[in-house]
Amino acid sequence: MNEHPRDPTLYRANVGLALFNPAGKVFYGRRVEKRASAAPHFIWQMPQGGVDKGESPSAAALRELNEEVGVSPDLVEIVEETEDWIYYDFPMEIRSHIGKRSKFRGQRQKWFALRFLGKDSDIRLDLHTPEFDHWRWGDLAEAPRLIIPFKRAAYEEVVRRFSRYAR
């Protein structure tokens, strides 16, 4: 995945979450319509979000899970955290849109495999500003074809690393 060394200061620290239910299916959220309009065929993804200054990746993972999915930390168990960062670059059209507001070329992500200990009714997309407007359980292996193409290699790596948690 990381063929050549990258300068981590040029990549925003981020976490990705593979939330597995007891049947080994993974959570997919459908991105809110206005955000998906630029890429309408790639609207499903796993939760992800930035790591705040001074925050550990595991704390960020639990915070993002609550913010995006409405699941409290007591309803999950972290079963694995990637040791290294998985990188992806923003395409030029996104980088030029972000422009001078950001020094980042892309994101570096710590990914977490989480075991969901709750019930489907514990998933609440409406507790915070919604990132997703719908959700479903699905096969982990379908993740690369659901995600926007510039994130595909990262999702392929997540599938490779976390496939043992899927059934």
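Quantities reported herein were computed from a predicted structural model and do not represent experimental measurements. This chain uses plain numbering: 1 for the first residue, then up along the sequence.
- Side-chain contact between W111 and V15 is absent, with no heavy-atom pair separated by less than 4.5 Å.
- One distance of note links CG of N21 with CG of L114; it measures 12.5 Å at 0.5 Å rounding.
- In the hydrophobic clustering of ILVMFWY residues, with side-chain heavy atoms under 4.5 Å counting as a link, V159 and Y165 come out together.
- I148 contributes atom CD1, which lies 11.5 Å from atom CD1 of I43 (distance to the nearest 0.5 angstrom).
- N66 has its side chain out of reach of V71: every pair of non-hydrogen atoms, C-beta onward, lies at least 4.5 Å apart.
- In this structure, R161 does not pair ionically with E80, as no charged nitrogen and carboxylate oxygen lie closer than 4.0 Å.
- Classified by interplanar angle (parallel below 30°, tilted 30° to 60°, perpendicular above 60°), the ring pair F27/W137 is perpendicular.
- Residues L17 and L19 share a single hydrophobic cluster, defined by chaining ILVMFWY side chains whose heavy atoms lie under 4.5 Å apart.
- Between E83 and K110, the closest heavy-atom pair is O-NZ, 2.6 Å.
- No continuous path of ILVMFWY side-chain contacts below 4.5 Å connects L127 to L75, so the two sit in separate hydrophobic clusters.
- Within the 4.5 Å cutoff, the side chain of P47 has no heavy atoms near those of the E131 side chain.
- Annotation: side chain of V69 is not in contact with side chain of R124 (no heavy-atom distance under 4.5 Å).
- Among all heavy-atom pairs drawn from P57 and W85, the shortest one is CG-CH2, 4.2 Å.
- Shown here are the side chain to side chain contact (heavy atoms under 4.5 Å, CB included) partners of E156, two or more places apart in sequence or in another chain: P144, R152, A153.
- Tracing side-chain contacts under 4.5 Å through hydrophobic residues (I, L, V, M, F, W, Y), one reaches V158 starting from I147; they form part of the same cluster.
- In terms of heavy atoms, I78 sits closest to S58 at CD1-CB, 4.2 Å.
- Residues W135 and L125 form a side-chain contact, since some pair of their non-hydrogen atoms from C-beta on lies under 4.5 Å apart.
- Taking Y28 as the reference, nothing meets the ring-ring contact (aromatic ring centres under 6.0 Å, His included) condition, with sequence neighbours excluded.
- Q107 is not listed as a side-chain neighbour of Y11, based on a closest heavy-atom distance of 4.5 Å or more.
- Using a 4.5 Å cut-off on side-chain heavy atoms (C-beta onward), F112 and L62 make no contact.
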request  = Determine, stepwise, if the pair L65 / V76 fulfils side chain to side chain contact (heavy atoms under 4.5 Å, CB included).
outcome  = CA-CA 10 Å; L65 183 68; V76 297; 3.5 Å; yes

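- Within the structure, salt bridge (Lys or Arg N to Asp or Glu O under 4.0 Å) pairs that include any residue of residues 7-29 comprise K25-D139 (at least two apart or interchain).
- Atom CD of E157 and atom CZ of F162 lie 10.0 Å apart (nearest 0.5 Å).
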query = Checking salt bridge (charged side-chain N to carboxylate O under 4.0 Å, His left out) for the pair D89/R105: CA distance, chi angles, key distance, verdict?
reply = CA-CA 6 Å; D89 292 315; R105 291 184 182 169; over 6 Å; no

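- Partners of E55 according to the side chain to side chain contact (heavy atoms under 4.5 Å, CB included) rule, which considers only residues two or more places apart in sequence or in another chain, are V51, D52, A59, A60, R63.
- With sequence neighbours excluded, the residues forming a side chain to side chain contact (heavy atoms under 4.5 Å, CB included) with P8 are Y87, R108, listed by chain and number.
- Y88 and K151 get closest at one heavy-atom pair: OH-CE, 3.3 Å.
- A heavy-atom distance below 4.5 Å is found between the side chains of F116 and D122.
- Of all non-hydrogen atoms in F104 and T9, the two that sit nearest each other are CE2-O, 3.7 Å.
- Both tests hold for R136 against W44: distance to the six-membered ring centre under 6.0 Å, angle to the ring axis within 45°.
- Between Y155 and A143 the shortest heavy-atom distance is CD2-CB, 3.5 Å.
- Evaluation of the salt bridge (Lys or Arg N to Asp or Glu O under 4.0 Å) test over residues 68-78, restricted to residues two or more places apart or in two chains, returns E77-R115.
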task = I would like to know whether Q109 and Q48 meet side-chain hydrogen bond (donor to acceptor under 3.5 Å, both in side chains); could you show each step before the answer?
result = CA-CA 9 Å; Q109 296 182 307; Q48 68 175 50; 3.1 Å; yes

